[in-house]
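As a basis for the values below, the full set of heavy atoms in this structure was taken, side chains included, without hydrogen atoms, waters or symmetry mates.
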Amino acid sequence: MVVIRLRRQGNRNRPFYKVVVTDKRNPRDGKFIEEIGSYDPAGKNQESPIQLDRVDYWLSVGAKPSERVQKLIEKARAAAPAEA
């Protein structure tokens, strides 16, 4: 099964996350199919928001987002019309 989830990066006590598409059997920080965005819980670095076109593609082919990624997608969709 293909899932969309967070991949932890960064230093100790200062994590940030990449939003990746991966096989569910892979470890959290293991191999991934595609990187589709990032998330910084401290909110300091939001350079690469989630690519909604790629999210839509992966959801259309059956990928399941994790709970946190689902919230990030909803947040990105709400912010997208304001930017356009």
Is the closest side-chain heavy-atom distance between [X] and [Y] below 4.5 Å?
X   : Y   : value
I50 : L72 : yes
V2  : V61 : no
F32 : R7  : yes
S38 : Y17 : no
V20 : E34 : no
V19 : I4  : yes
V21 : I36 : yes

Next on the checklist: Under 4.5 Å between side-chain heavy atoms, counting indirect links through other Ile/Leu/Val/Met/Phe/Trp/Tyr residues: same cluster for Y57 and V3 or not?
Outcome noted: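 In one cluster: no.
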
Item to check | ILVMFWY cluster, F16 and Y39 together (side-chain gap under 4.5 Å) | outcome: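 F16 does not cluster with Y39.
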
Next on the checklist: Going by salt bridge (charged side-chain N to carboxylate O under 4.0 Å, His left out), name the pairs with one or both residues in residues 66-78, residues two or more places apart or in two chains.
Outcome noted: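 Sorted pair list: D56-R77.
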
Item to check | Between CG on residue L52 and CG on residue L59, distance to nearest 0.5 Å | outcome: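 Those atoms lie 10.0 Å apart.
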
Next on the checklist: Rounded to the nearest 0.5 Å, what separates atom CE in M1 from atom CG in D23?
Outcome noted: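 The CG atom of D23 is 10.0 Å from CE of M1, to the nearest 0.5 Å.
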
Checklist entry - For R25, does the CZ atom have more than 12 heavy-atom neighbours from other residues, nucleotides or ligands under 6.0 Å away? => result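 Atom CZ in R25 is not packed in, count stays at 12 or less.
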
Checklist entry - So which heavy atom on P41 is nearest to which on P15, and how close? => result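 Smallest interatomic distance, heavy atoms only, reads CD-O, 3.7 Å.
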
Checklist entry - Which heavy atom of P27 sits nearest a heavy atom of R5, and at what distance? => result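 In terms of heavy atoms, the two residues are closest at O-NH2, 3.1 Å.
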
Next on the checklist: Looking at T22 and K31, would you say the former's side chain and the latter's main chain have a donor-acceptor pair under 3.5 Å?
Outcome noted: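 Flag set: sc T22 to bb K31 pair under 3.5 Å.
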
